[in-house]
A.B. asks: 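I'd like to ask some things about the structure below.
What you are looking at is a predicted structure, and each value in this text was computed from that prediction instead of being measured. The residues of the chain are indexed from 1 along the displayed sequence.
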Amino acid sequence: MAELRRINQDDLRNHNLSVALDTLLRAQKPTSRADLAQETGLTKATMSLLASLLIDAGVIEEGEPASAATYGRPSRP
C-alpha cells in the first residue's frame with residue numbers, strides 16, 4: 001500500500017492560496033474577502049490572511065469599500 005505524505009502548514013497555505021487565486025481568476029467582477037470565503041469554503045479569517053499575503057506581494061489590490069451595506073464594516077472588493 002502506498003505511504004501517505006504528511007502535509008505541513010506551508011503546504012496547506014499554498015493549497016489555500018491556489019484555491020483563492022483560481023477563484024479570483026474565474027470571477028467576473030471584483031470580489032470581497034467574504035464572498036471569496038463563501039465561494040471557496042474557506043473561513044473568513046483564512047481568506048483575510050490569504051488576501052493580506054496576496055496584497056503585500058502585489059499579486060492583487062484592494063478596491064474601495066462598498067457602501068451598500070446597511071450594518072457592519074463595508075466589504076472591500
Side-chain angles (χ1 to χ4, degrees):
M1 183 175 254
E3 187 174 325
L4 295 177
R5 179 177 164 266
R6 296 183 65 125
I7 64 168
N8 60 29
Q9 192 72 25
D10 290 333
D11 293 335
L12 184 58
R13 184 179 297 115
N14 288 337
H15 171 76
N16 289 344
L17 278 168
S18 175
V19 169
L21 284 171
D22 183 59
T23 304
L24 281 169
L25 289 171
R26 294 172 190 258
Q28 300 295 318
K29 60 182 177 142
T31 308
S32 70
R33 289 176 171 107
D35 292 338
L36 280 171
Q38 184 176 8
E39 193 166 332
T40 61
L42 298 171
T43 65
K44 289 181 185 178
T46 297
M47 190 53 63
S48 186
L49 173 69
L50 296 175
S52 294
L53 290 172
L54 293 170
I55 290 168
D56 291 345
V59 176
I60 61 173
E61 56 186 42
E62 195 166 40
E64 293 299 315
S67 60
T70 57
Y71 60 91
R73 185 184 312 170
S75 64
R76 296 180 78 108

A.B. asks: According to the side-chain hydrogen bond (donor to acceptor under 3.5 Å, both in side chains) rule, which pairs have a member within residues 20-30, sequence neighbours left out?
C.D. replies: Asp22-Arg26

A.B. asks: What residues form a side chain to side chain donor-acceptor pair (under 3.5 Å) with Arg6, not counting sequence neighbours?
C.D. replies: none

A.B. asks: So, using side chain to side chain contact (heavy atoms under 4.5 Å, CB included) as the criterion, who are the partners of Ile7 when residues are at least two apart?
C.D. replies: Arg5, Asp11

A.B. asks: What distance do Met47 atom CE and Asp35 atom CG have between them, rounded to the nearest 0.5 Å?
C.D. replies: 10.5 Å

A.B. asks: In this structure, are over 12 heavy atoms from other groups packed under 6.0 Å from Gln38 atom CD?
C.D. replies: no

A.B. asks: Please report, to 0.1 Å, the donor-acceptor pairs under 3.5 Å made by any side chain of residues 12-20, with sequence neighbours excluded.
C.D. replies:
residue: Arg13; atom: NH1; partner: Asp10; partner atom: OD1; Å: 3.3
residue: Asn14; atom: ND2; partner: Asp10; partner atom: O; Å: 3.2

A.B. asks: Are Pro30 and Glu64 packed together at the side-chain level, in the sense that at least one heavy-atom pair is separated by less than 4.5 angstrom?
C.D. replies: no

A.B. asks: Sequence neighbours excluded and cut-off under 3.5 Å, please list the side-chain donor-acceptor pairs for residues 39-46, or say none.
C.D. replies:
residue: Thr40; atom: OG1; partner: Leu36; partner atom: O; Å: 2.8
residue: Thr40; atom: OG1; partner: Ala37; partner atom: O; Å: 3.4
residue: Thr40; atom: OG1; partner: Leu42; partner atom: N; Å: 3.2
residue: Thr43; atom: OG1; partner: Thr46; partner atom: N; Å: 3.0
residue: Thr43; atom: OG1; partner: Thr46; partner atom: OG1; Å: 2.8

